[in-house]
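Everything numeric here is computed off the predicted structure, so don't read it as measured data. Chain letters run A, B, ... following the sequence lines, proteins first, then strands; residues in each count from 1.
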There are 2 protein chains.
Amino acid sequence: MYELFFKNMTEKVKLTRDQQQMIRQYLVPKKIRKNQYLLQEGDVAKYAAFVEKGALRAYSVDEKGTEHIIQFAFEGWTISDMYSYMTGEPATYNIDALEDSELVLLNKSAQEEILQRVPEYEEYIRLQLTGAFMSMQKRITSMLSLTLEERYIQLTQLYPSLVQRVPQRMIASYMGLTPETLSRVRRKIKERWE
Amino acid sequence: MYELFFKNMTEKVKLTRDQQQMIRQYLVPKKIRKNQYLLQEGDVAKYAAFVEKGALRAYSVDEKGTEHIIQFAFEGWTISDMYSYMTGEPATYNIDALEDSELVLLNKSAQEEILQRVPEYEEYIRLQLTGAFMSMQKRITSMLSLTLEERYIQLTQLYPSLVQRVPQRMIASYMGLTPETLSRVRRKIKERWE
DNA sequence: ATCATGTGTTGATAATTATCAAGAATATTT
DNA sequence: AAATATTCTTGATAATTATCAACACATGAT
């Protein structure tokens, strides 16, 4: 239990055994089944979830009922509705599981207590946020400057497990396209390599 | 000098006078003129820049020479090529000034020393990054789920100074559109309100 | 194993945005 | 103030993507 969570953290910051034990008290394990919700829009996001095993997505639903996937999270990633988590306001996003998943949950007040008792945890969060920031910035850059083919190829190279474990209609949604267009993009890539 | 920088920081974390004085040692003031570069792609981003006064943009240039604006920064915002700053690799982005600007520069090793001597600075960075993360997530959500009119209206509401101080062709670039299309979007909004 | 449901592909057509070009308006330079 | 450069708007056309529909294939339920 929590192997990946602590492996991930201790790769970034040095923690004593005692500190790790202390943090462990605040963690809540959770298993969810494929298609099960972790968060529904309108509720308050009480937790940030670290993915120990499995895959999740965060998505918003527009007035026409179309889903727009904002984020995927595989093993080693953290997912939440950050605004709702930080402010206690109703969540914008739904979060559900693409596969049976094992999560490590941390609520906000627990995080605050950890931060007071383990200062190194602050550094861990900073490094995590920095990684997420860079990742998102790269995504926006790609959306603005690359062709669809280039974007898809980049996705498969940066996140190979995405393409293997996620249905194509969801990859299309993540890219802001219809499934039909993504199918055409993939055909064009294939033709270019024959 | 540095008024906004310290105002911004002390709104987020509590610092003693001594701590503030200590941090001040590491800061470098810089004035740049409109259109002057702060960073050119290919160079290493030695600094993160806090905007005391003025406005800057970060943009990438694609193979056709088209500029894609990734970020604007007005007073109170920080701008850099985060990946280059963190890793010492060559920068992807150019950063230049849209107006005569006054900046507060902080290089990476100075940041690391501050972090060791003022633990509260860690919290400040975390809170800053959290804000930036939420802002970027909102931007991606809008790009995926809103019509162009809705996106433009949202921009003018979230960042009124953007629309007043930035040429429209740059707003179009930031939105991923041509100037012609943005002009048409604005006309449609106007017709809708008459 | 069979049936039902979901996903991906394909073609045709409609809608949206990019590209090109020119004119009008605004900003900058002399 | 006049001249020049830049920006914004507009129209026409081309290119790209969305929408609709049908079929083939894959997956899930019984």
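Taking the charged nitrogens against the carboxylate oxygens, A:K7 and A:E11 do have a contact shorter than 4.0 Å, which makes a salt bridge. Using a 4.0 Å cut-off between charged side-chain N and carboxylate O, A:K31 and A:D100 make no salt bridge. Between B:R165 and B:E75, at least one side-chain nitrogen of the basic residue sits less than 4.0 Å from a carboxylate oxygen of the acidic one, meeting the salt-bridge criterion. Classification of B:R192 and B:E149 as a salt-bridged pair holds, one side-chain N sitting under 4.0 Å from a carboxylate O. Of the charged side-chain nitrogens involved, none lies within less than 4.0 Å of a carboxylate oxygen, so that B:K108 and B:E113 do not count as a salt-bridged pair.
If you measure from atom NZ of A:K190 to atom C1' of C:dT9, you get 10 Å, rounded to the nearest angstrom. Rounded to an integer number of Å, the gap from OH of A:Y152 to C1' of D:dT17 is 18 Å. A:M143 has its CE atom 13 Å from the P atom of D:dT17, to the nearest Å. Atom pair B:R169:CZ and D:dT10:C1' shows a separation of 19 Å (rounding to whole Å applied). Rounded to an integer number of Å, the gap from A:L144 CG to C:dT17 C1' is 15 Å. Here the P atom of nucleotide D:dT7 and the CD atom of B:Q164 are 19 Å apart, to the nearest Å. Distance, A:K188 NZ to C:dG11 C1': 16 Å, rounded to whole Å. If you take CD1 of A:I171 and P of C:dT9, they are 11 Å apart, rounded to a whole angstrom.
Across all strands shown, B:L182 has no heavy atoms under 4.0 Å from either base or sugar-phosphate atoms. Within 4.0 Å of B:L177, counting heavy atoms only, lie sugar-phosphate atoms of the nucleic acid but no base atom.
Residue A:R186 places no side-chain N or O under 4.0 Å from the OP1 or OP2 atom of C:dG8. When the side-chain nitrogen and oxygen atoms of B:S183 are compared with OP1 and OP2 of D:dT9, one or more of them lie within a distance under 4.0 Å. Phosphate proximity of D:dT17 to A:T178: absent, as no side-chain N or O sits under 4.0 Å from OP1 or OP2. The side chain of A:R187 contributes an N or O atom lying less than 4.0 Å from OP1 or OP2 of C:dG11.
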Handout entry: Nucleotide-resolved protein contact map, nucleotides 20-30 of chain C, B/S/- at heavy-atom distance under 4.0 Å
Key = BB------S--
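Remark: the B:E112 side chain and the B:S109 side chain contain no N/O donor-acceptor pair separated by less than 3.5 Å.
For A:Q168, taking side-chain heavy atoms from C-beta onward, the closest of the listed nucleotides C:dT9, D:dA18, C:dA18 is C:dT9.
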Handout entry: Verdict with reasoning, B:L162 to B:L155, per side chain to side chain contact (heavy atoms under 4.5 Å, CB included)
Key = CA-CA 8 Å; B:L162 180 70; B:L155 260 192; 3.8 Å; yes
